[in-house]
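Letters A, B, ... are given to chains in the order of the sequence lines, protein chains preceding strands, and every chain is numbered from 1.
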Protein chains: 2
Amino acid sequence: MTDTRTTTPLDETDRLLIEAVQRDSRASLAELGKAIHLGTSATRSRLRSLEERGVITGHTARVSAAALGYTLHAVVRMKVHGALYDRVADVLGRHPQIVRCLRVTGESCYHFEILATDMADLERITSDLARIGSITTDLVYEVVADRPSPATR
Amino acid sequence: MTDTRTTTPLDETDRLLIEAVQRDSRASLAELGKAIHLGTSATRSRLRSLEERGVITGHTARVSAAALGYTLHAVVRMKVHGALYDRVADVLGRHPQIVRCLRVTGESCYHFEILATDMADLERITSDLARIGSITTDLVYEVVADRPSPATR
DNA sequence: GCCGTACGCCGCAAAATCTGCGGCAGACTG
DNA sequence: CAGTCTGCCGCAGATTTTGCGGCGTACGGC
């Protein structure tokens, strides 16, 4: 659920800070501060504020799926059967390898991205999905781009 | 391009460390160390090793697209026309709001995820894509799940 | 069995960073 | 013009990071 509270809008400095911390979330406050031309105290208070307002929702490491042993990466589109919408959450709970799930308009009701160690592993997950909707599975050759949301106009 | 160097495989401690730093990449070495039952020195050397081996590819902040002013989130599937494959990189260069691009098997050759401030903004980008392939655009109602790759079996 | 080497972890001390707080300047209000 | 509020600075103590020496275990050669 998206938080729609109305808070102070982001100023240019906030946006620069967001881009800096998207580039390297383990950077020190001094380094982040350099990017926004502020001292460490002000940088810290802005960072805390962005976190508390829900603009920054967390700090995470980007990890190579291949290095973790996932040789397959699939995109699955699904049209849910009948009234089985609430079953989606169950499936997500059962399969942490479903790393992304979007509810969308159009022909398919859901888009999934799945990581799998091999075909059997992938089929184990897709067959579970197929119990609640009709699916189309595409394999990913290459992640061409995966980048942060642009924060500055 | 995926790095396919053969390096030492990940042990259980590496995988625990990966999960810890996926949970909070701004955590201190002491905190991360607690999760893997090691001191700060050992934690640091393992973290550095994972980074150097390309297992951890970076540390980044998760940011709410809505808070940045993106009211629309779209998924676009595209079948490239003729020999226009190399034009995809150009389009990605022109539009930072295309936050994800996957090259896939099947009917569509590419999957994109696009953030837009409004319909006009979205159309500006999709019409650029439409110049190199036939596209299908779905809007995202909700990001149901977006989580890190599972590192432990 | 016994040495030599390599690897991974510990612990230390110095440097860097974080944290909480007081103070100050500019904006806005009555 | 005084009062208040907001946002930034800078300081000092606490915490964290960093680089390095040392130790124990595993492994291979002899």
Side-chain angles (χ1 to χ4, degrees), chain A residues 3-64 66-69 148 151-153, chain B residues 3-64 66-69 148 151-153:
Chain A
D3 192 339
T4 47
R5 278 178 305 179
T6 304
T7 60
T8 313
L10 305 176
D11 65 16
E12 193 56 24
T13 303
D14 286 326
R15 292 179 178 272
L16 286 172
L17 177 53
I18 289 167
E19 300 220 317
V21 79
Q22 278 176 334
R23 249 176 275 124
D24 180 9
S25 66
R26 276 189 79 78
S28 70
L29 293 174
E31 267 181 284
L32 296 176
K34 223 175 296 175
I36 60 176
H37 311 107
L38 285 180
T40 66
S41 296
T43 302
R44 178 175 146 73
S45 80
R46 276 180 183 263
L47 192 58
R48 259 184 33 98
S49 161
L50 290 171
E51 287 165 356
E52 282 168 2
R53 285 190 275 163
V55 179
I56 294 175
T57 57
H59 302 273
T60 186
R62 244 179 292 111
V63 175
S64 154
L68 289 176
T152 54
R153 306 282 172 207
Chain B
D3 191 339
T4 47
R5 279 178 305 179
T6 304
T7 59
T8 312
L10 305 176
D11 64 17
E12 194 55 25
T13 303
D14 286 326
R15 293 178 179 271
L16 286 172
L17 177 54
I18 289 167
E19 300 220 316
V21 78
Q22 279 176 333
R23 249 176 276 124
D24 180 8
S25 65
R26 277 190 77 78
S28 70
L29 294 174
E31 268 181 283
L32 296 176
K34 223 176 296 175
I36 61 177
H37 311 106
L38 285 180
T40 66
S41 296
T43 302
R44 178 175 146 74
S45 80
R46 276 180 183 263
L47 192 58
R48 259 185 31 97
S49 161
L50 290 171
E51 288 166 356
E52 283 168 359
R53 284 189 277 163
V55 178
I56 293 174
T57 58
H59 302 273
T60 187
R62 245 179 291 113
V63 176
S64 154
L68 290 176
T152 53
R153 306 283 173 206

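Each of C:dC12, D:dT16, D:dC9 was ranked by its minimum atom distance to the side chain of B:S28; first place goes to D:dT16. With D:dG7, D:dC11, C:dC10 as the candidates, the nucleotide lying closest to the side chain of A:R46 is D:dG7.
A:K34 has its NZ atom 19 Å from the C1' atom of D:dC8, to the nearest Å. The nearest whole Å value for the distance from the NE2 atom in A:H37 to the C1' atom in D:dG7 is 18 Å. Protein atom CZ of B:R48 is 13 Å distant from nucleotide atom C1' of D:dT17, rounded to whole Å. Rounded to an integer number of Å, the gap from CG of A:L47 to P of C:dC18 is 10 Å. Atom CD in A:E31 sits about 13 Å away from atom P in D:dT17, given to the nearest Å. C:dT17 atom P lies 10 Å from atom CG of A:L29, rounded to whole Å. Rounded to an integer number of Å, the gap from CG of B:L32 to P of D:dT18 is 12 Å. Between the P atom of C:dT19 and the CD atom of A:E51 lies a distance of 10 Å, rounded to the nearest Å.
Contact annotation: the side chain of A:R44 never approaches that of A:T40 to less than 4.5 Å [non-hydrogen atoms, C-beta and beyond]. With a 4.5 Å cut-off on side-chain heavy atoms, B:R15 and A:L68 count as touching. With contacts defined as side-chain heavy-atom distances shorter than 4.5 Å, the pair A:D14/A:R53 qualifies. Between A:D11 and A:R46, the closest side-chain pair of non-hydrogen atoms falls below 4.5 Å.
Position along DNA chain D of the nearest nucleotide to A:S45 versus A:R26 favours A:S45 as the more 5'-ward residue. Toward the 5′ end of DNA chain D lies the nearest nucleotide of A:L38, the other residue of the pair B:T40 and A:L38 mapping further downstream.
OP1 or OP2 of C:dC9 has not a single side-chain nitrogen or oxygen of B:R44 nearer than 4.0 Å.
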